[in-house]
Number of protein chains: 2
Amino acid sequence: MRTLGVTNDTALLRRLNTRATLHALRQGGPQTLTQLARAAGLSRQTAEVALSDLAERGLAEESSPTGGTAGRPARRFRFRAEAGHVVGLDVGPRRILAMLADLDGDVIEERRLDADEHMPAAERLALAERAATACVRAAGLARGGVWAATVGTSGVVDRSGRVSVSTLIPGWSGLDLAGQVGRWFGCPGFAANDANLAAVAEHWRGSARHVEDLVYVLSGYRAGHGLLLDGRLRTGRTGSAGELGRLPLIGWEDSSVVLDRAGRDAEEIFQAARAGDEEALAVVDRLAHGLAQGAAALVLVVDPELVVVGGGFSRAGELLLDRMRAHLTEMCRNPPEVALSTFGEESIALGAVRMALDHVERERLGL
Amino acid sequence: MRTLGVTNDTALLRRLNTRATLHALRQGGPQTLTQLARAAGLSRQTAEVALSDLAERGLAEESSPTGGTAGRPARRFRFRAEAGHVVGLDVGPRRILAMLADLDGDVIEERRLDADEHMPAAERLALAERAATACVRAAGLARGGVWAATVGTSGVVDRSGRVSVSTLIPGWSGLDLAGQVGRWFGCPGFAANDANLAAVAEHWRGSARHVEDLVYVLSGYRAGHGLLLDGRLRTGRTGSAGELGRLPLIGWEDSSVVLDRAGRDAEEIFQAARAGDEEALAVVDRLAHGLAQGAAALVLVVDPELVVVGGGFSRAGELLLDRMRAHLTEMCRNPPEVALSTFGEESIALGAVRMALDHVERERLGL
DNA sequence: CCAATTATGAGAAGACGCGACGTAAAGCTA
DNA sequence: TAGCTTTACGTCGCGTCTTCTCATAATTGG
């Protein structure tokens, strides 16, 4: 059942119009009052009221009028992206990446730390906190300057941000990651699966910028996927949407075996394949076949506009994708586009930033 | 990018409040003015204005005040469900079912016609039109009394309501079903895949009433599925979400072979199994295994709250479901509930009714 | 220095929703 | 049957929000 607004008085109207003005301001960069009013579909006066409201909340600022054109100089306003910040974290088995971004989503600080696969949970968390606080300190933020924080990690993360199952990180299962990260900065905290966040990042600013329905396939030392429909992340009832790799008949487990057999020489194999080595090409083709099988299941289930391939194996590049497209065409009537991930290893932290921004836009900006 | 309202003046407010009032009226049945105002979160005066607006549009009506309680008798209003009607059609290979429903979604007329598998498209369409118009005539509706019509059918139906692929009905591919049905009644027409509509029906009033994320598995002489997330139907880019059965390794094609070998004695096998016949039980188990394999893929991809099993094979009942649950538990970490379809063969036409109502509520009621 | 251009600022009008207050119409009781 | 109680109705006035209009201000270009 749809929820209907509770207060339908004129105050709602102003909230709505302030929202529209803010939207126009963020969308079109610094603009004059008249431009903003037109962009927001409002009268100049209304936009003016909304802007003074936003200015009071620190979200907008009048900048000096720029000449150049005839006529009375217009008042110009800009969005104060520096009014707040969010933290995005990627805590993986071997790597920790922290990002600090402003309200425009521009990353202004970044810290990378190595971790050990067998590192206990407490130590790993301490490392993550150190990386994140280093970013915050470097940016010179005061307490309360972080408005939301999200952490991405491998494993199943439930709706509340708790890790329900993690096979790759010791001591991770049962951890309340969202609560942890929230306590570090005294702000709302969130946690999500890494493949899901990678999908979010690709949709935000990566290969999937222009589509609303997409599947992200994480192919590497482990398999997983992320699903975005109507531009929104779908994590399912328990947060375990994205575990298709668990189904043996899909063959994703095998895919990693294909290369695991070649040990750490995956990159070597890809190079050999690019050079035309028959045997290496066969390996890549087998890999592509496995990936295509899982992708086909995804495509036949949700029929997305785009499949984005990321993770370690995606370094095989277009070579892998071409084989994958070929196999996919055999398996599906009308296969979607297949593209490489844009951000590679940074996608998880970026997706975390985006998810934190989602919360800020919803709750603090009122969008 | 989110679309923002274009006219944020006070007229928007009235639309919103009228909508809230209509919602309260439909939700709670006939009510007094004061009750309606409270339910809609509005002042009595505002609700009154909204109701007179709705009355002018024929959607609400003041009914005679009922005594019984002390105090001045309250004005009572009721939703005029008879103000408009919708048609829902199920056009299958062997069967045509037409339903006429009012704005409450109550089915007031129904016609069933047999068709032949090899019947040419034009003849099948004529039959469908006859069934539908018979309903409309029996209800005594004037021209324009049907506000929307939807037809469900097997095969892939694209976003525009055109059948892009149909392997079961001759001459069906390429047909503009939505346009056809719209022309019959001079109203907006829609078309959708049958498994998708069955999912909609189960969510509306069936086994999936209380969930928002569900998968409907159609298991019978052919396989298919329907997907609802956040209560909304997901048909994908080309409308072909629901074709998981096409992936050979899922084993759904085989499932039908399992029973096809037993010919038309499927019902007999189910009965024998229920009586404890070992061999029959083995057949049911094999069927359940195949179904579970596909369902597991669905569950691992979208992690729904519920899997609803429908179609001819679902007549095997709880026996089949129990085996399916067992297999599913082996394949997924934390499998969802599994339930039988509530509506059986009527689900497709019912889903079509619901989809037509969706349009009416969106466009004509302004909900 | 003047004309053209562009944006500003103030005031009036229209629409909407809500609270308050007096009034109307029933049931209940003596 | 008269009066009390209860419940809801109807109207009035106020405040908020948006838009339209028109006079005014501040630039640029010739």
Side-chain angles (χ1 to χ4, degrees), chain A residues 4-25 28 30-56 60-78 366, chain B residues 4-25 28 30-56 60-78 366:
Chain A
L4 292 161
V6 280
T7 55
N8 283 348
D9 55 356
T10 50
L12 174 68
L13 225 51
R14 211 177 54 181
R15 274 210 306 285
L16 249 38
N17 287 336
T18 304
R19 171 198 294 191
T21 307
L22 180 55
H23 188 81
L25 185 62
Q31 288 163 83
T32 72
L33 203 50
T34 315
Q35 286 171 327
L36 277 167
R38 198 190 325 271
L42 302 170
S43 73
R44 189 168 44 79
Q45 294 92 323
T46 305
E48 194 174 358
V49 171
L51 278 166
S52 76
D53 211 57
L54 290 169
E56 259 180 43
E61 189 179 51
E62 189 162 359
S63 52
S64 55
T66 62
T69 166
R72 175 173 178 163
R75 299 171 64 187
R76 299 182 75 80
F77 291 86
R78 69 174 203 91
Chain B
L4 292 162
V6 281
T7 55
N8 283 349
D9 55 357
T10 52
L12 174 68
L13 229 49
R14 210 182 53 187
R15 274 209 305 284
L16 249 38
N17 287 336
T18 304
R19 170 199 296 190
T21 306
L22 180 54
H23 188 80
L25 186 62
Q31 289 162 83
T32 72
L33 202 51
T34 313
Q35 286 171 328
L36 277 167
R38 198 189 324 271
L42 301 170
S43 72
R44 189 168 43 80
Q45 297 91 318
T46 307
E48 193 174 357
V49 171
L51 277 166
S52 75
D53 210 57
L54 291 170
E56 259 180 42
E61 188 178 52
E62 189 162 357
S63 53
S64 56
T66 61
T69 169
R72 176 171 176 166
R75 298 172 64 187
R76 299 183 73 81
F77 291 86
R78 69 173 202 91

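Letters A, B, ... mirror the listed sequences (proteins, then strands); counts begin at 1.
C/dT8 atom P lies 11 Å from atom CZ of A/R76, rounded to whole Å. For the pair A/L13 CG and C/dG14 P, the computed distance is 19 Å after rounding to whole Å. In this entry the distance linking CD of A/Q31 with P of C/dT6 reads 18 Å, nearest Å. With rounding to whole Å, B/E62 atom CD is found 12 Å from D/dA8 atom C1'. Going from atom CG of A/N17 over to atom C1' of C/dC16 covers 14 Å, rounded to whole Å. Atom-to-atom, CG of A/L51 to P of C/dA7 comes out at 15 Å; the value is rounded to the nearest Å. Atom CZ of A/R72 and atom P of D/dT24 are 13 Å apart (whole Å). Per the geometry, CZ belonging to B/R75 stands 20 Å off P belonging to D/dT7, to the nearest Å.
Taking the side chain as every heavy atom from C-beta outward, A/V49 and A/D53 never approach each other to under 4.5 Å. Annotation: side chain of B/L51 is not in contact with side chain of B/R75 (no heavy-atom distance under 4.5 Å).
Minimum heavy-atom separation, A/P30 to A/R76: O-NH2, 3.7 Å. For A/L36 against A/F77, the heavy-atom pair with the smallest separation is CD1-CB, 4.1 Å.
Note on B/R14: a side-chain N or O is less than 4.0 Å away from OP1 or OP2 of C/dC16. Note on A/S43: a side-chain N or O is less than 4.0 Å away from OP1 or OP2 of D/dT19. The phosphate of D/dC9 (OP1 or OP2) has a side-chain N or O of B/T34 nearer than 4.0 angstrom.
Atom CZ of A/R38 is separated from atom OG1 of A/T34 by 7.0 Å, given to the nearest 0.5 angstrom.
As judged by a 4.0 angstrom heavy-atom cut-off over every strand, A/R44 is placed among the base-contacting residues. Looking at heavy-atom distances under 4.0 Å, A/Q45 makes contact with a base.
In the set D/dG10, D/dT18, C/dA20, the nucleotide with an atom closest to the side chain of A/T46 is D/dT18.
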